2 protein chains.
Amino acid sequence: MPTDKNELSERKKLILKAIIDTHINMGEPVGSKYLTRYEQLAFSSATIRNEMAELEEMGYLEQPHTSAGRIPSQLGYRFYVDQLMQQYRMSAAELGELDKLMKLKAAEVDRILDRATKLMSVLTNYTGVALKRSQSQPTIARFDVMYLSPRSFILVMLTSAGAVKTRQLHLGFDVSRETAEKLAALLNEYVAGRDMDKITLPVILEMQTRLGESEQLINPIIKAVWDTVNEPEDSELLFDGVNNLLRYPEFSNIEAVRGVLGMFDEKDELVGVMNHDADSDRTNIYIGSESPVEVMNNSSLIFRTVRNGDRIVGAIGVIGPRRMDYSKVVALVDYMSRNISKLMDSNNLIEDKEE
Amino acid sequence: MPTDKNELSERKKLILKAIIDTHINMGEPVGSKYLTRYEQLAFSSATIRNEMAELEEMGYLEQPHTSAGRIPSQLGYRFYVDQLMQQYRMSAAELGELDKLMKLKAAEVDRILDRATKLMSVLTNYTGVALKRSQSQPTIARFDVMYLSPRSFILVMLTSAGAVKTRQLHLGFDVSRETAEKLAALLNEYVAGRDMDKITLPVILEMQTRLGESEQLINPIIKAVWDTVNEPEDSELLFDGVNNLLRYPEFSNIEAVRGVLGMFDEKDELVGVMNHDADSDRTNIYIGSESPVEVMNNSSLIFRTVRNGDRIVGAIGVIGPRRMDYSKVVALVDYMSRNISKLMDSNNLIEDKEE
DNA sequence: GATTAGCACTTGAGACCTTAGAGTGCTAAA
DNA sequence: TTTAGCACTCTAAGGTCTCAAGTGCTAATC
């Protein structure tokens, strides 16, 4: 618990940053003597020791035991992330890989996120994670009916979000091809582009009247449309590189492993967090127990929304140990989420490309 | 390495079965003295000891070290599974849960498999796993065109497998609504129900002729259909209850955990195995290193195909430690895969039910 | 001939101790 | 204010001992 805000002297900041940088690299507690090797810290180990003691008192550092060095506390990491860490410069190799991904022609969110997740885990050596968010509550922009037989047809719906949804319908009575076409026309006239709660009984009755003979058709159809629009929003969570995590010493005891792996069984919680924070258009960083997903108290989560125009189609991020390379991960997540969003935007505009 | 086939005396079988049953329950090496408590083994520990020594020589048992009891070898488990284990009788509670699942109206493979995977992990306390297999190489049974604007429309395709696929097309030239309709009619006449390799140049030329003015439309369309039919078969793998596994003592050291968890990073391999064996309509049991997925050498995999009519739509199964309760798991996997298949069959026949 | 009691032997797990090394906090000098 | 120096603390790693479990073998017994 820090006594005052921002009371850190420049020297303290320097030392704190050096400790965290070192710990992120080495994974072990950092001692005063080790720090003297940094050019910027041209003090004796004793001086550094005093500063460290104060930093610990302020809550930025912790000591696993008396005779060990210091490790950053959660607060320490938070301060580091907010004020200390430097901008990461991506390597040519990384940029290359990322750009390769961006050249994928497929505009499909699904496939891009799949690949992006894998790439994330490869580039960071942590676990890549992505959320595919299926649009909630879209309206139907356009209807079509695919006539199969007098008693069965497929209702094709283009949602306002640009996805195509279909429902297969089997009837207990015959319907002619003409009626089916008329039905599609009616749906486009009365239902397309409107919120479902605008489709009131009078509207339905009018459609029935205009459809004539097969008026009994309307009810099941409206029901099917309703179901489609109100389909529970089932976000899907993707992982890649889980085994990467297990290579870090902090996951060398079973309890810790059980912890992180808990996320597989708490997918819903994680989805909840990612969905909840998706609306804020910035990079979300959860360090240790900052995450509402209790099971992840030993790890950190960084992610950012992916958009298609205004619409949020998902999120992409990384799960790693608390001492993860925040600077690098933030840079990669930012770059990737931004560019995937851009990619999808530009795909929307393609007018002349299907060679 | 067993010297002779099936040379096991009844008494040896009894002992072997008792050892394996006990080991499956307890997870620890089984000693000769412990076995004397079984009614059926009314011999002295010395006698049993002799038999055990022979069973070990034959390759059915192993001894972790001189002063420990015996554990089943892979061969031992195999023999047990093939000849020794008894039919598992499901409990009322289990049947209840299973039947609840079967009452789901949704005919959607996806959702059923999701739920089934979770249920599997709950009922067995191992990890439930399922494969959703997207149909490979279907032909297109029916086409439809959803006209959006002169330069864009959606091609809707009903595959022979019953799935609806769509492609959004953006053109560099204008097309009239009538042309779009004519296109759909032509596709239904020339392409529907045919293998793509029957769509030769003459056929394409004839379609172009009949389409008249907008003949340039045909090529991109055929390309889109081709892409759809040849879409890489991307099977999806579902997991649930990963943390269940970590509760078993055999996964109390990191190496073992890394092993099982490798399956997350070798999804493709696992998918390969499940896809490969899916064609055989029986319950597949891989014990330890019998599995071609190298990373799973410390665990066992049991799964079985799920069908919709003749078509294989996926598989469902369980991953557990080598000493898993084979009898129970096999019974559950069988029951579940059979009933899901049946459920989907019956859903296919519904003619009059969409409330 | 098959079974069993008895016993010497082997081995891992756990408790306990010791040691080495790292890093600290504090004091006194610079 | 900084630093050298030193006593102190704690862990990790290695070593030793003991206990209990389980074995294999031999000789006696059914």
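Predicted, not measured: the structure shown is a model, and the values here were computed from it. Only this structure's heavy atoms are used, side chains among them; waters, hydrogens and symmetry mates stay out. Naming convention: chains lettered A, B, ... in sequence-line order (proteins, then strands); numbering from 1 in each chain.
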### Message
Please confirm whether the ring centroid of Tyr326(A) lies under 6.0 Å from the ring centroid of Tyr88(A).
### Response
no
### Message
Please report whether the ring centroid of Tyr126(B) lies less than 6.0 Å from that of Tyr248(B).
### Response
yes
[X] [atom1] - [N] [atom2] separation (whole Å):
X: Lys12(B); N: dA2(C); atom1: NZ; atom2: C1'; answer: 13 Å
X: Phe43(B); N: dG1(C); atom1: CZ; atom2: P; answer: 20 Å
X: His65(B); N: dA13(C); atom1: NE2; atom2: P; answer: 7 Å
X: Asn50(A); N: dT27(C); atom1: CG; atom2: C1'; answer: 12 Å
X: Met26(B); N: dG22(D); atom1: CE; atom2: P; answer: 13 Å
X: Lys33(A); N: dC6(D); atom1: NZ; atom2: C1'; answer: 14 Å
X: Glu54(A); N: dT1(D); atom1: CD; atom2: P; answer: 11 Å
X: Glu28(B); N: dG12(C); atom1: CD; atom2: P; answer: 16 Å

#### Entry: 5' priority, DNA chain C, between Pro64(B) and Ala42(B) [closest heavy atom]
Ala42(B)
OP1, OP2 of [N] versus side-chain N and O of [X]: anything below 4.0 Å?
X: Ser32(B); N: dT23(D); answer: yes
X: Thr47(A); N: dT3(D); answer: yes
X: Ser44(B); N: dT4(C); answer: yes
X: Arg11(A); N: dT1(D); answer: no

### Query
When you measure from the side chain of Arg49(B), which nucleotide among dT24(C), dT9(D), dC25(D) comes out closest?
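In terms of side-chain proximity for Arg49(B), the closest of dT24(C), dT9(D), dC25(D) is dC25(D).
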## Note on the structure
When every non-hydrogen atom of Ser121(A) is compared with those of Gly241(A), the smallest separation belongs to OG-CA, 3.8 Å
### Query
Where do Thr22(B) and Tyr38(B) land on the side-chain hydrogen bond (donor to acceptor under 3.5 Å, both in side chains) test, with the steps shown first?
CA-CA 10 Å; Thr22(B) 308; Tyr38(B) 282 86; 2.6 Å; yes
### Task
Drop me the distance from Leu131(B)'s CG to Thr117(B)'s OG1, to the nearest 0.5 angstrom.
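Here the rounded value is 10.0 Å.
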### Query
Which sits closer to the 5' end of DNA chain D, Ala46(B) or Pro29(B), going by the nucleotide each is nearest to?
Pro29(B)
### Query
Could one point to a donor on the side chain of Ser67(B) or the base of dT11(C) with an acceptor on the other under 3.5 Å away?
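Such a pair exists between side chain and base.
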### Query
Has the side chain of Arg70(B) got a donor or acceptor atom sitting under 3.5 Å from an opposite partner on the base of dG24(D)?
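Side chain to base: no pair present.
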